[in-house]
**Q** 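One structure, as structure tokens, below. Some questions next.
To find a chain, count down the sequence lines: A is the first, B the second, and so on, and within it residues start at 1.
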2 protein chains.
Amino acid sequence: MPKIVDHEQRRRELAEAVWRVIARDGVAEVSMRTVAAEAGWSSGALRHYFSTRDGLLAFACELVIERVTERITALRHTGTPREAVRAILLETMPVDAERRAEASVAFAFVALGLTDAELAEVKRLSFTGMYELCLRLVTEMANIGALAEPHPPLETSARRLHAVVDGLTLHVLAGHLTPAEMTAEFDAYLAELIPDRPAPAPVHP
Amino acid sequence: MPKIVDHEQRRRELAEAVWRVIARDGVAEVSMRTVAAEAGWSSGALRHYFSTRDGLLAFACELVIERVTERITALRHTGTPREAVRAILLETMPVDAERRAEASVAFAFVALGLTDAELAEVKRLSFTGMYELCLRLVTEMANIGALAEPHPPLETSARRLHAVVDGLTLHVLAGHLTPAEMTAEFDAYLAELIPDRPAPAPVHP
DNA sequence: CCTATTCTCGCACAGTCGTGTTATATTCGG
DNA sequence: CCGAATATAACACGACTGTGCGAGAATAGG
């Protein structure tokens, strides 16, 4: 019978080509042809795995979310609670070239029209997932008594943390802050949110 | 002699057409033809005022910055120091349809490739101007003793305020927060940054 | 080897893009 | 009224877009 290739693996390769194009030339340069050229294939071959450009972009964004989620769940919590929170959230921020490319992909979807329904759903999942992560972290910090007192309602703390993370990320992507400046500001914020103190309980829940 | 039209006025009209297209269909739909159609002119007429698409986009973004700046400088400070800061920064955030369109324009430039040098310069001015505004506000609050104590260095407070403003703005543009939720979160943050107390000095410097 | 099935490629199509170039309208000083 | 200067319009060109389509290459079972 015929030649058999791993479709899922090929789609991941194509998605990585999309990331490279976005990171290098911006999302406006993403087209079926440019992505095929980046991956080293013909545009006809690409169309066997993605029939439309929107589908290609949506998969590329979904894969970013999946990769970041996997990295976060694979993290072993070491050190203080604050260091654990820091390590988790820094996985979503542009601290190096790879994470910068991932963040660029995620943010590119917001600026585009997003008329496509599938893209809009991916975008919605991206933001709500990130908010729920912030809410979970803040809640855990409160449960172990690590959160600075007094503090506003947990939903407010979570939304604010979410805004700080995305705001700093945006400023790095725009070239307004360097990754080092971003990390320093983020550390200063976390130090106020989760102050130093003898931890009343271990970080592992 | 020939028919004379106000070039600057025409360019402003065209820029407003750009805003409408971006707000309605996204920045990807901005082209010489779509903008000309939105403004009710032919594409040839448009080319008398903007020879290239990049120049058109850059002018549209510059005009947004100019308009927001004018609105802020025209504000009369009324009420408490915190209310003054709130009123100033809310001018830059998507609280209504008009300001949402302006914010969309400014953010659209970040996601695009921004390979064009002129666009990159406009973008840089946009972010540094916003940061300097935050730094000035924080410094004034510190000078009149309105800033919560203890507080980090003023540069840190300014960068954090900037990140919160842009993060909340991004979340509204992405449809993740409603303008009302954004305003509520922003108020909660300002209430911690500039707590209630008998003001030691009037707000007017 | 043969054949069926899958994969890959390249081209064609219609549309849009940015950008010229050319021609027509429109207007005002003389 | 007239011609000079400007504004607007219309079209042409090449390049690019997303998306189909068909031909050929590659492979695994018979």
**Q** Toss me the dot-bracket line for DNA chain D: Watson-Crick and G-U wobble, both under 3.5 Å, 5' to 3', using | for pairs to another strand and [ ] for crossers.
**A** ||.||||||||||||||||||||.||||||

**Q** Would you tabulate the side-chain donor-acceptor contacts of residues 170-183 of chain A under 3.5 Å, counting partners in other chains and residues two or more places apart, or write 'none'?
**A**
from, atom 1, to, atom 2, distance (Å)
H171(A), NE2, H162(B), NE2, 3.3
H171(A), NE2, D166(B), OD2, 2.7
T178(A), OG1, E181(A), N, 3.1
E181(A), OE1, T178(A), N, 2.9
T183(A), OG1, P179(A), O, 2.9

**Q** Could you name each residue pair satisfying side chain to side chain donor-acceptor pair (under 3.5 Å) that touches residues 26-39 of chain B, not counting sequence neighbours?
**A** R20(B)-E38(B), R24(B)-E38(B), S31(B)-T34(B)

**Q** May I have the distance from W41(B) (atom CH2) to dA10(D) (atom C1'), rounded to whole angstrom?
**A** 18 Å

**Q** Considering residues at least two apart in sequence or located in another chain, which fulfil the ring pair (Phe, Tyr, Trp, His ring centres under 6.0 Å) criterion with F186(A)?
**A** none

**Q** Mind checking side chain to side chain donor-acceptor pair (under 3.5 Å) for E132(A) and listing every partner two or more places apart, or none if nothing turns up?
**A** none

**Q** At under 4.0 Å between heavy atoms, which parts of nucleotides 17-24 of chain C does protein reach? Answer with one letter per nucleotide, 5' to 3': B base, S sugar-phosphate only, - none.
**A** BBBB----

**Q** Run the side-chain contact (heavy atoms from CB on, under 4.5 Å) test against S42(B) and tell me which residues pass, sequence neighbours left out.
**A** A45(B)

**Q** List for me each residue that meets side chain to side chain donor-acceptor pair (under 3.5 Å) alongside E98(B), sequence neighbours excluded, and say none if there are none.
**A** R67(B)

**Q** Does a salt bridge link R160(A) with E192(B), judged by any charged N lying under 4.0 Å from a carboxylate O?
**A** yes

**Q** With heavy atoms under 4.0 Å as the rule, sort F50(A) into base, sugar-phosphate or nothing.
**A** nothing

**Q** Kindly list each side-chain donor-acceptor pair under 3.5 angstrom involving residues 88-95 of chain B, sequence neighbours excluded, with atom names and distances?
**A**
from, atom 1, to, atom 2, distance (Å)
E91(B), OE1, R71(B), NE, 2.4
E91(B), OE1, R71(B), NH2, 3.4
E91(B), OE1, R99(B), NE, 3.2
E91(B), OE1, R99(B), NH2, 3.0
E91(B), OE2, R99(B), NH2, 3.4
T92(B), OG1, L89(B), O, 2.8

